[in-house]
Novice: 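Right, I'll just put the structure down here and ask away after.
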Amino acid sequence: MDEKLTLKQAIAQVMEVQALTDYMKHLPARDMRSDKDKLQTLSELGWLLYAKGEHDAAFQIAKPLAQVAFDGNYNRWTWLEHTNVLLALTAPEEEKEAARQHAIHAIEQAVCTGDKDIVEVKKEVHKRFLNGDTLDTDSIQHSMDEGDRAGEAARRLILLKNLCKIELLGGSKAYPAERAAQEAEAQIQAIREIEAELGLLKLSPFA
């Protein structure tokens, strides 16, 4: 887990995984133009496969991307952070504890990087996140009201990522890890129901 990769190297490793070939060919070309596009698309693919129950395939995506260190670029760190959480969730049993510690360290290091004032702000935002204050369920309800099943799945996937991050980091008194785990499982079941109804290729990042 200590190997460091550039973003370009990590993406290249993911693209070479034979088990992912059938998925890769269905990803929209418009979403695979730049390294940032590829990072976002591959991170989303990993999480969709995780929700679908294909943990090994998701791990093959997460492992290389989680080796890219935080460099101060928050525009791409969001997606790298997501892959770190995914790594902890999907690592095989013999690697699971190392993956958990790697992910926790990477996330906490990003929070504590920067000038003192910036770090204080980030710590406050992080605290609010662990308290569940920033979890978004309104957008899910809006998609449900509109009958937008694909949009609902995409928004549930975002919520799933955040719930799993809360669980990984131990939650808080206001939002215990156990509650986050239960809510995460509910999102997985809902996403699977939508996937069964629409088909995988109708969901983001394929559509």
Side-chain angles (χ1 to χ4, degrees), residues 1-52 54 57-91 99 102-115 118-119 121-122 125-126 129 134-136 139 150-151 153-165 168-169 191 200-207:
M1 297 295 171
D2 292 332
E3 181 185 4
K4 292 290 186 286
L5 299 174
T6 66
L7 180 58
K8 191 173 291 294
Q9 288 171 332
I11 289 171
Q13 287 192 18
V14 176
M15 300 293 284
E16 290 169 2
V17 177
Q18 289 298 312
L20 298 172
T21 301
D22 287 344
Y23 297 120
M24 296 291 185
K25 67 185 180 184
H26 292 292
L27 295 172
R30 68 176 185 275
D31 296 332
M32 299 291 283
R33 292 172 182 165
S34 68
D35 284 346
K36 181 181 177 296
D37 290 340
K38 291 175 183 176
L39 169 61
Q40 179 174 344
T41 301
L42 292 174
S43 178
E44 289 183 344
L45 173 61
W47 275 95
L48 181 60
L49 293 177
Y50 169 71
K52 193 173 183 290
E54 298 190 27
F59 177 68
Q60 296 300 321
I61 294 173
K63 188 171 183 179
L65 293 176
Q67 308 313 308
V68 180
F70 174 65
D71 64 356
N73 184 343
Y74 289 98
N75 203 26
R76 74 181 197 183
W77 176 246
T78 296
W79 306 104
L80 291 172
E81 183 179 71
H82 290 165
T83 62
N84 271 277
V85 178
L86 188 61
L87 177 77
L89 290 169
T90 59
H102 172 91
I104 291 169
H105 176 73
I107 293 167
E108 291 180 345
Q109 186 177 44
V111 172
C112 295
T113 299
D115 295 336
I118 292 174
V119 170
V121 171
K122 288 196 291 184
V125 171
H126 188 62
F129 174 81
T134 58
L135 294 175
D136 176 22
S139 62
R155 287 161 180 81
R156 286 189 183 279
L157 205 60
I158 293 170
L159 180 58
L160 174 63
K161 296 173 190 178
N162 290 327
L163 290 165
C164 289
K165 179 182 169 184
L168 174 67
L169 298 178
I191 292 167
L200 189 69
L201 300 184
K202 295 294 184 181
L203 304 181
S204 178
F206 296 108

Novice: Could I get the full list of side-chain hydrogen bond (donor to acceptor under 3.5 Å, both in side chains) partners for Glu54, not counting sequence neighbours?
Specialist: Tyr23, Lys52

Novice: Tell me if a side-chain donor or acceptor on Thr41 pairs with a main-chain N or O of Lys38 at a distance below 3.5 Å.
Specialist: no

Novice: Once you round to the nearest 0.5 Å, how far does OG1 of Thr90 lie from CG of Leu49?
Specialist: 10.5 Å

Novice: Holding to side-chain hydrogen bond (donor to acceptor under 3.5 Å, both in side chains), I want the full list of residues that pass it with Asp37, two or more places apart in sequence or in another chain.
Specialist: Ser34

Novice: Could you tell me how the ring of Phe129 sits relative to the ring of His126: parallel (under 30°), tilted (30 to 60°) or perpendicular (over 60°)?
Specialist: parallel

Novice: Minimum heavy-atom separation for Pro64 to Val14, with atom names?
Specialist: CG-CG2, 3.9 Å

Novice: So which atom in Ala106 and which in Asn84 form the shortest heavy-atom distance, rounded to 0.1 Å?
Specialist: CB-OD1, 3.7 Å

Novice: Check for a donor-acceptor pair, side chain of Ser43 on one end and backbone N or O of Gln40 on the other, with a separation under 3.5 Å.
Specialist: no

Novice: Looking only at non-hydrogen atoms, find the nearest pair between Ala57 and Leu20 and report the distance.
Specialist: O-CD2, 3.8 Å

Novice: Could you tell me the separation between the CZ atom of Phe206 and the NZ atom of Lys25, rounded to the nearest 0.5 Å?
Specialist: 11.0 Å

Novice: Please find the pair of heavy atoms, one from Ala150 and one from Leu203, that lie closest to each other, and give the distance.
Specialist: CA-CD2, 4.1 Å

Novice: Indicate yes or no: at least one non-hydrogen side-chain atom of Pro205 is less than 4.5 angstrom from one of Leu27.
Specialist: yes

Novice: Hey, what do you get for OG1 (Thr78) to CG (Asn73), rounding to the nearest 0.5 Å?
Specialist: 9.0 Å

Novice: May I ask you to check whether over 12 heavy atoms, not counting those of His26, lie within 6.0 Å of atom NE2?
Specialist: yes

Novice: Show me the pairs that pass salt bridge (Lys or Arg N to Asp or Glu O under 4.0 Å) and involve residues 5-15, at least two apart or across chains.
Specialist: Lys8-Asp35

Novice: Within the 4.5 Å heavy-atom criterion, are Lys165 and Glu81 side-chain neighbours or not?
Specialist: yes

Novice: Under the rule for ring pair (Phe, Tyr, Trp, His ring centres under 6.0 Å), what residues qualify as partners of Phe70, not counting sequence neighbours?
Specialist: Tyr74, Trp77

Novice: Considering non-hydrogen atoms only, spot the tightest contact between Ala91 and Ala99 and give its length.
Specialist: CB-CB, 3.6 Å

Novice: Can you give each donor-acceptor pair under 3.5 Å made by side-chain atoms of residues 155-164, sequence neighbours left out, with the distance rounded to 0.1 Å?
Specialist:
from   : atom 1 : to     : atom 2 : distance (Å)
Arg155 : NH1    : Gly151 : O      : 3.0
Arg156 : NE     : Glu152 : OE2    : 2.9
Arg156 : NH1    : Gln187 : OE1    : 2.8
Arg156 : NH2    : Glu152 : OE2    : 3.2
Asn162 : ND2    : Ile158 : O      : 3.4

Novice: Would you compute the distance between atom CG of Leu65 and atom CG of Leu87 and round it to the nearest 0.5 angstrom?
Specialist: 10.0 Å

Novice: If we only count heavy atoms from C-beta on, is the Thr21 to Gln18 side-chain gap below 4.5 Å?
Specialist: yes

Novice: Roughly how far apart are His82 NE2 and Leu42 CG, rounded to 0.5 Å?
Specialist: 14.5 Å

Novice: Could you report the tightest heavy-atom contact between Leu39 and Arg76, atom names first, then the distance?
Specialist: CD2-O, 3.6 Å

Novice: Applying side-chain hydrogen bond (donor to acceptor under 3.5 Å, both in side chains), can you list everything that pairs with Thr6, at least two apart in sequence or on another chain?
Specialist: Gln9

Novice: Drop me the distance from Ile61's CD1 to Met15's CE, to the nearest 0.5 angstrom.
Specialist: 10.5 Å

